[in-house]
Novice: 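Encoded as structure tokens, here's the structure I'll be asking about.
When a ligand or atom number is given, it counts from 1 through the structure's own listing order.
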Amino acid sequence: MLTIAVSKGRIYDDALPLLAEANIIPIDDPKTSRKLILRTNHDNVQLVIIRATDVPTFVEYGAADLGIAGKDVLIEHDSDNLYEPLDLKIACCKLMTAAPKGAPNISGRVRVATKYIKTAERYFASQGIQAEIIKLYGAMELAPLVGLADCIVDVVDTGNTLRANGLEPRELIMDISSRLVVNKASMKMKHSIIQPLIDQFEKTLAER
Ligand code: PRT
Ligand code: MG
């Protein structure tokens, strides 16, 4: 059995065409089904539908052989125990700082709300800025509005969510795309199915 971990939503939507090019077609649709394991057109290939932040964990522990995860999630997960053979160039966005529109840059200690605590810590340290990082699990945009933080670190696509909440993008931390990740043991034991899959993804991406 080959198990592929993906998250519902934008990564799933962008991964479907890639999987289809490799002739992997889910039978169930996560939008209408509550199943967390999706069968595919192959008896020996299944998808597990999990939270985006859990994908590296499933793959690292071998609960899934492969996974698709955002680079934002991977750098925050921060593990050497995963192969990352391919940039799939899907679910692209930017990891940025954002602050209330027009607010002056903070000098001295800055309070930052984010779910990317390790990444934010590293970023502000690299800039020589003293930062107090406040971990949130969602709705980061709210934090500066209610005085919880001076700024946030979050992923931005169109910027509409920032604008709708009176915030503006400030510094680019990193361009983000989703990556294929592979369990190290699976890469060895299931090489004869995983390598052709990687090759097919690569071919599809090259033709795009
Ligand atoms: O939603 P959930 O809490 O389950 O988890 P998640 O937010 O980690 O998962 P999901 O599916 O929303 O995102 C999965 C991956 O998609 C992320 O890890 C990123 O690599 C990537 N990605 C690409 C994005 C976006 N674009 C994006 N726009 N992830 C989140 N967003 C958010 C953004 O922060 C904002 O709140 O979507 C909202 C709309 O963005 P704007 O800028 O277009 O308004
Ligand atoms: Mg989300």
Novice: With a cut-off of 4.0 Å, which atoms of ligand 1 are near a heavy atom of Ile176?
Specialist: 20 (O)

Novice: Using a 4.0 Å cut-off to any heavy atom of Asp72, which atoms of ligand 1 qualify?
Specialist: 17 (C), 18 (O), 19 (C), 20 (O)

Novice: Check contact between Thr53 and ligand 1, using heavy atoms of the residue and a distance below 4.0 angstrom.
Specialist: no

Novice: Can you tell me how far OG1 of Thr57 sits from CZ of Arg51, rounded to the nearest 0.5 angstrom?
Specialist: 12.5 Å

Novice: Please confirm whether Lys115 approaches ligand 1 to less than 4.0 Å, judged on its heavy atoms.
Specialist: yes

Novice: Under 4.0 Å from a heavy atom of Arg51: give me the atoms of ligand 1 that qualify, with their elements.
Specialist: 2 (P), 3 (O), 4 (O)

Novice: If we only consider heavy atoms of Gly159, is any one of them less than 4.0 Å away from an atom in ligand 1?
Specialist: yes

Novice: Pairing donors with acceptors under 3.5 angstrom, does anything connect the side chains of Glu76 and Thr119?
Specialist: yes

Novice: Compute the minimum heavy-atom distance from Ala91 to ligand 1 and say whether it is under 4.0 Å.
Specialist: yes

Novice: Quick one: which ligand 1 atoms are inside 4.0 Å of a heavy atom on Asp154?
Specialist: 34 (O)

Novice: Just jot down the ligand 1 atoms closer than 4.0 angstrom to any heavy atom of Glu141, in number order.
Specialist: 36 (O)

Novice: Would you mind listing which atoms of ligand 1 come within a distance below 4.0 Å of any non-hydrogen atom of Lys8?
Specialist: 11 (O)

Novice: My understanding is that we take every heavy atom of each candidate and find the minimum distance to atom 43 (O) of ligand 1. Doing that for Ile50, Val73, Thr158, which one comes out nearest?
Specialist: Thr158

Novice: Could you tell me, atom by atom, which parts of ligand 1 come under 4.0 Å of a heavy atom of Gly70?
Specialist: 20 (O)

Novice: For a quick check under 3.5 Å, do Asp28 and Ser33 share a side-chain donor-acceptor pair by atom type?
Specialist: no

Novice: Could you list which atoms of ligand 1 come closer than 4.0 Å to a heavy atom of Val156?
Specialist: 42 (O)

Novice: In plain terms, say whether Lys115 and Asp72 are close enough for a salt bridge, that is, a side-chain N and a carboxylate O under 4.0 Å apart.
Specialist: no

Novice: How far does CD1 of Ile11 sit from CG of Leu16, to the nearest 0.5 angstrom?
Specialist: 12.5 Å

